[in-house]
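The first residue in the sequence is number 1, and the count goes up from there.
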Amino acid sequence: MPIVFLSPSTQEFNPYIIGGDEEYYTNLIVDAMLPYLDASGITYVRNDREANAAAAIAKSNAGNYDLHLAIHSNAAPDQFAGQIQGPDVYYYPGSVNGRRGAEIFAANLRDIYPQPQLVDVRTSTRLGELSKTRAPSVFIELAYHDNVEDATWIRDNIGLIAQNLALSLTEYFNIPFVMP
């Protein structure tokens with residue numbers, strides 16, 4: 001049975017332009033994912049909402065996980081605030097399984113994001129949840145929380161996003177997706 005480390009954002013200091021914050025919305029998404037994971041036979045451990053990214057990395061590295069999945073939302077640099085849109089799915093350069101996972105998640109996000117051409121796969125060596133985790137990892141920036149359309153898309157599609165991410169996990173693990 002596959003086991004995944006779920007790491008929704010702990011960044012309550014990143015406000016959404018429509019109200020709420022990054023920690024709030026990404027945790028709602030993970031909450032909504034759990035019935036799909038249970039039904040599909042995926043075991044999971046979750047980060048501590050009250051801790052930080054370093055604690056999530058340490059907790060992930062203390063276990064034996066098949067994938068580390070970080071779920072976040074993004075914000076543009078100040079000069080572009082509110083102007084950038086679209087999901088970015090990251091993996092660590094050279095990680096074969098990280099890349100395979102990122103490509104699966106991005107392909108599935110293209111099916112539900114209103115502008116699929118904006119869904120991008122990228123590498124990063126600067127994100128600790130990619131560079132410091134022992135398990136292969138995928139870091140998803142679902143959309144831009146400083147953009148009204150993107151923030152509204154996240155808020156209005158919690159269940160759809162959760163189902164899509166769970167589906168992506170079943171594809172990554174090559175197991176059937178089961179509706180709860």
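- Classification of the H68-F5 ring pair by plane angle, with boundaries at 30° and 60°, yields parallel.
- The local environment of CZ in F177 is crowded, with over 12 non-hydrogen atoms from other residues, nucleotides or ligands closer than 6.0 Å.
- No hydrogens or angles considered: a donor-acceptor pair under 3.5 Å links the side chains of E171 and N108.
- Residues Y91 and F139 keep their aromatic ring centres 6.0 Å or farther apart.
- Note: the hydrophobic cluster containing V30 also contains L142 (ILVMFWY, side chain heavy atoms under 4.5 Å, direct or indirect links).
- Rounded to the nearest 0.5 Å, atoms CZ (F105) and OG (S168) are 5.0 Å apart.
- Y65 pairs in a side-chain contact (heavy atoms from CB on, under 4.5 Å) with only one of the listed residues (I3, L6, T133, V4), which is I3.
- The hydrophobic cluster containing I140 also contains L118, counting ILVMFWY residues as joined when their side-chain heavy atoms lie under 4.5 angstrom apart, directly or transitively.
- A side-chain contact (heavy atoms from CB on, under 4.5 Å) with Y113 holds for exactly one of Q115, Q117, R110; it is Q115.
- Between R46 and D31 there is a salt bridge, since a side-chain N of the basic residue sits under 4.0 Å from a carboxylate O of the acidic one.
- I84 and L127 fall into different hydrophobic clusters, where Ile, Leu, Val, Met, Phe, Trp and Tyr side chains are chained together by heavy-atom contacts under 4.5 Å.
- Under the 4.5 Å side-chain heavy-atom criterion for grouping Ile, Leu, Val, Met, Phe, Trp and Tyr, Y24 is connected to L160 within one hydrophobic cluster.
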Item to check | Stepwise side-chain contact (heavy atoms from CB on, under 4.5 Å) test for L167 and L165 | outcome: CA-CA 5 Å; L167 171 67; L165 297 180; over 6 Å; no
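- No hydrogens or angles considered: nothing links the side chains of D146 and Y16 as a donor-acceptor pair under 3.5 Å.
- With rounding to the nearest 0.5 Å, the separation of CG in L67 from OH in Y44 is 16.0 Å.
- Note that the CZ atom of R126 and the OH atom of Y90 stand 8.5 Å from one another [nearest 0.5 Å].
- Without hydrogens or angle criteria, S40 side chain to V178 main chain gives a donor-acceptor distance under 3.5 Å.
- Remark: the S9 side chain and the E22 side chain contain an N/O donor-acceptor pair separated by less than 3.5 Å.
- Separating the OG1 atom in T26 from the CD1 atom in I71 is a distance of 7.5 Å, to the nearest 0.5 Å.
- A distance of 9.5 Å separates CG in L69 from CD in E129, rounded to the nearest 0.5 Å.
- Within a 6.0 Å radius of NZ in K59, other residues, nucleotides and ligands contribute more than 12 heavy atoms.
- Both I154 and L28 are part of a single hydrophobic cluster, where members link through side-chain heavy atoms under 4.5 Å apart.
- No donor-acceptor distance shorter than 3.5 angstrom exists from the side chain of R155 to the backbone of Y25, with no hydrogens or angles considered.
- Within a 6.0 Å radius of CZ in R100, more than 12 heavy atoms belonging to other residues, nucleotides or ligands are found.
- A donor atom on one side chain and an acceptor atom on the other are not found under 3.5 Å apart for E141 and S73.
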